[in-house]
Structures are given as structure tokens and as C-alpha cells.
K.L.:
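Below is one structure. I have some questions about it.
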Amino acid sequence: MKIVIALIIYLFTMHGNAELPLEIWLQAQEKISIQRMMQNISPSGTIPGTVIASPSKNSPNYYFHWIRDASLTFDQVVTLFKNSKDVDQRNFYLHRIQEFIQLSQKQQFAPGAEGLGEPRYLVDGSADTIAWSRPQSDGPALRALTLLNFLKILSDNKPLRLETEIVIHTDLDYIADHWSRPCFDLWEEVKGLHFYTQSVQAASLWAGYDYFKNTQDTEFAKKLKSAALAVDQELLKYWDREKKIIDASRDLTHLPNSQYKYSNLDSAVILAALHSYAFDEDRYRLSEPSIRRDYFLPTALALELVFTQIYDINLGSNAPAIGRFADDVYFAGNPWYMTTAAFAEFYFRVATVIKKSEFIQINELNIDFFQNALSKYHGQEPSLHLTADQNIAVQSATGRRLLASLYYRGNSFLETLRRYTGSQGEMSEQFDRRAGVPVSAPDLTWSYAGFLSALQARAVFLSSGMSSLPKPIFLLQD
Ligand code: NOJ
Ligand code: NOJ
């Protein structure tokens, strides 16, 4: 009896309580992130609609409007607009979005040397003429996706709808014509073909097709569909059967040295899963992506293992801080806030997909990923062993336990993020791999946007009835 009581107290302090402080931190950090993200939108002295990547003007100078960062940020603003009940607040967000659309139109019209492949603009809206890695063609795809999301929730505003359609049309037309052209990757370092870039391109073409097929412009819809089908085929070529990972890039022509990025293992692939909605049912309604969801799982696990090994701060931690790729040297190559947030989001999204299905089929590709989540959750040798041909009913005890372990693993990544967030809730671009303190660009807009995106994925998972899932105590007793 004494042992049982001691065990219950132990479990409660170790696990039952652990949820509470995280929950409180998440709520506070959400507010701070929204506030700090919004501060980087149209700060004084910039043309309205501008998103500075960070207020930092030197070492590094991030006082520019990157299309990629800006589009991912505005995707969060669109969500804030959608979720705000207060009329003034709604109008405030709507106004910001409108400014972004107007600025986008201006930039598309006077785009600079690489046309729509220009990665970034000056804060007065004009083209950047500084020597830089160009072209980069993920930007137009991300912008189109953000604006298509916006149109889904915009009602009764015909002029704004038409204006937005024009911007989307221009972006998608560019993508349909240029998707096969080599460009620089999202990290602005290597030139070739990239899984991230082509994934978001495919997603935007499909989403665009879905939208324009219901308009007068059916010819354009057809063009988008045929490009989308072609990019989907292209995506298959990144699957590395031997290494069991999705490769980050192919046909690289511009490399700092021949060994650089030899592993081809890059967290850009996990960002690709998130930003191309690979775990979203809507994406599947249009067309099943050629890259199977199961391909992402061993890739994610391989990344977790690599970062566990290379960063000192990951020693003994449950969920490792995540960086870009192993041989990164930018600011000495550290973990990043937004890639760590992406892993949390990834677990929540995987868990949500599973929760909506009836069965989960364990196979050679996904078994290690699931087994790892189960064992990490227990913090001891796994007592539940999966086998590669197991078909688990999601509602069975095993299924629910697996689901719970994925959700709690997402939380563990948020715990890791919390450990390295500044005392005022500030997130820079990276945190030092040894000291764990914020480094590189302070107040990186994308760090906040990435965190907010992870929170939403968590909320979606929880809103579909987490109460029916086993709590940690049950998991440990099981
Ligand atoms: C600046 C880029 O934005 C960053 O991603 C890259 O690692 C460095 N330049 C070094 O090329
Ligand atoms: C460097 C990152 O590699 C790139 O993806 C980003 O767009 C810029 N910094 C600005 O944040």
C-alpha cells in the first residue's frame, strides 16, 4: 500500500503536474509572440506591408523584407484575423493583410533582376540590388498559399478579393513556368533543385487549381493542374531508398566545398511537410502527394538523432534542440527556434492525422519513429514493442497509448523551446549549441511565427477530444 501511494505521489509530481506549468508558459508565450511578431510588421520608416526579418541592422543585417519570411508571418496574421472575435481587432488584422497585398503587388510589378525569384526587398518596397543568392523560388509559392488561405475566410469584399486574386495569379503563373529551374534553397546557400521549394510549389499549384477551377479562368486552372501533376512526380525523386530519408536537394551546382551537405539530411524537409500541408486532409482531397507521409517519419527521426549527437546542450535531454543541418557553420551552426518549433508541430500534425483514422499500419518505414516516441515518453526501456506488420486500431489501448506518446513528444519539444527562450519571452534566430543562450538576429519574426504555428497544430489536436486519451499515469502503469 505504501509503495502504491509513493508511486502515485511520484507520478503526480513527475508527470501530473508537468502539464500545468507548460500550459501557463504557452499561454504567456503566445501573447508575447503575437506582440513581438506584430512589432516587426510595418515598423516606422518602412513601407506599409513590410515584414522585417528582424530589427537587427548589422551582424547580421536582417532589415529586409524576405518574401519567404513575410509570407509565413502573414499566414499567422491570417489566422489571427480568422480567430479574433473583437471587431476592432479583426479590422486591425484585416488592414495589415491589405497592406501586405498592396505591397506584394508593387513588388511583383517592379521585381528586380530575378523577377519573381527575387528573395528579398528593401524596406521601402524597392528591389534589392546587393549581391545575394538568387533566384529563390519558394517565396511566390508561400505567398500564394497564404493568400489563398486568406481568400477562404474573406467574405463580402469583392474589390479586395479581386486584388488578392491578381497577386495569386501572378505568383502561380510564375511557378507553373519556372518550377523546374534550379534556384537557391531556403537557406540561401546551395543552388539546384530542392525538396522544400518544390513541395511548397506543388502545394500552391494544387491549392490554386482548386480555387481557379471555380472561376471564369478555367484555362488557367488547367495550366496549374498540369504543372502540379508534374511537380508531384518530381518530388518522388528525393526519396532515398537506401538511407531511408527524403533528400533535401538534387543536382547541386553551387557548393562551398565538395563534402558540404554530403548527408543531404536537412530539417528543411520537415518544414516542407508543414508548409505544403502534407499532413492535412485538404491537400489529400485535391491529390494524394506522391511523397508518402511515411517517408517523412524516418527523416524526422534521423534528424533528431543527428542533432542529439552534435549539440552539447542536447546531452541528456528528451527532445533535442533542432538546427538546420549537421554541417551548418552560419553563426557557428546552432539550433534554431523555428526548426525546434517545427518538430513540435510535426508531432502534433502526425498525431492529428492518426487520431482521425481508424487504424494505424506499422511498417518498416515508420516503426522506428513510433517506437522512439513510445520509449521517450516512458523515459525507460520501452515496454511496448511494435512489430512491422502490426495493424493497430487507433481506439485500442495500444493505439491510444501511441497517440498519447506522439502528443506528449510534441510537448517535449515545446519544453525544449521554453528552456532556451529569453527571460522576456524573446526568441532570436538561433541559440548557442553549448551555452543555450540566444544568438544571431534578435527577435526573428519567423521564430515567433513558427512558435504560433506549432501552438495551432497543438490546439487542433486537442480540440478533437484529447480527454479520451490516456493520461501519463495510465501510460506508465500500462
Ligand atoms: C545568409 C543566409 O541567409 C544564411 O542562411 C546563410 O547561411 C548565410 N548567409 C551564409 O551563406
Ligand atoms: C536566413 C535563413 O536561412 C533564411 O531562410 C531566411 O529567409 C533569412 N535568414 C531571413 O530570416
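This structure is a prediction, so every number in the text was calculated from the model and none was measured. We count ligands from 1, going down the list as the structure has it; atoms in each ligand are counted the same way. Counting from 1, the numbers follow the sequence of the chain as shown.
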K.L.:
From atom 2 (C) of ligand 2, work out which of W66, F184, W336 has a heavy atom at the shortest distance.
P.N.:
W336
K.L.:
Which protein non-hydrogen atom lies closest to atom 4 (C) of ligand 1, naming both residue and atom, and how far is it?
P.N.:
W187 O, 3.6 Å
K.L.:
Which residue is it: W336, W25, Y337, F413? I am looking for the one with a ring-ring contact (aromatic ring centres under 6.0 Å, His included) to F451.
P.N.:
W25
K.L.:
Under a 4.0 Å N-O cut-off, is there an ion pair linking E304 with R409?
P.N.:
yes
K.L.:
Please write down residue, atom name and distance for the protein heavy atom closest to atom 10 (C) of ligand 1.
P.N.:
E189 OE2, 3.8 Å
K.L.:
Quick test of your reading of the structure: of F331, Y62, Y330, whose heavy atom lies closest to atom 9 (N) of ligand 1?
P.N.:
Y330
K.L.:
Output yes when D210 and K213 qualify as a salt bridge under the 4.0 Å nitrogen-oxygen rule, no when they do not.
P.N.:
yes
K.L.:
Among K225, K223, H169, find the residue that satisfies the side-chain contact (heavy atoms from CB on, under 4.5 Å) test when tested with F212.
P.N.:
H169
K.L.:
Just let me know how R120 lines up against ligand 2, side chain, backbone, both or neither, with a heavy-atom cut-off below 4.0 Å.
P.N.:
neither
K.L.:
So if I count the atoms of ligand 2 from 1 in the order they appear, which ones are less than 4.0 Å from some heavy atom of E429?
P.N.:
1 (C), 9 (N)
K.L.:
Output yes when the distance from some N or O of ligand 2 to some N or O of W446 is under 3.5 Å, and no in every other case.
P.N.:
no
K.L.:
Looking only at protein heavy atoms, which one is nearest to atom 3 (O) of ligand 1, and how far off is it?
P.N.:
E188 OE1, 2.3 Å
K.L.:
Run the salt-bridge test on D128 and R134 with the 4.0 Å N-O cut-off and return the result as yes or no.
P.N.:
yes
K.L.:
Does either side chain, that of Y174 or that of Q108, offer a donor lying less than 3.5 Å from an acceptor on the other one?
P.N.:
no
K.L.:
Provide the number and element of each atom of ligand 2 under 4.0 Å from a heavy atom of R68.
P.N.:
4 (C), 5 (O), 7 (O)
K.L.:
Under a plain distance cut-off of 3.5 Å, with no hydrogens placed, do Y196 and H275 share a side-chain donor-acceptor pair?
P.N.:
yes
K.L.:
Please check whether D69 reaches ligand 2 - meaning an N/O of the residue sits under 3.5 Å from an N/O of the ligand, judged on distance alone.
P.N.:
yes
K.L.:
Can a side-chain donor-acceptor contact be found between Q136 and E114 if the only test is distance below 3.5 angstrom?
P.N.:
no
K.L.:
Which of the atoms in ligand 1, numbered in the order shown and given with their element, are less than 4.0 Å from a heavy-atom of R324?
P.N.:
4 (C), 5 (O), 7 (O)
K.L.:
Any luck finding a side-chain donor-acceptor pair between H65 and T50 under 3.5 Å?
P.N.:
no
K.L.:
Tell me whether L186 has any N or O atom under 3.5 angstrom from an N or O of ligand 2.
P.N.:
yes
K.L.:
Which of the numbered atoms in ligand 2 are under 4.0 angstrom from any heavy atom belonging to A53?
P.N.:
10 (C), 11 (O)
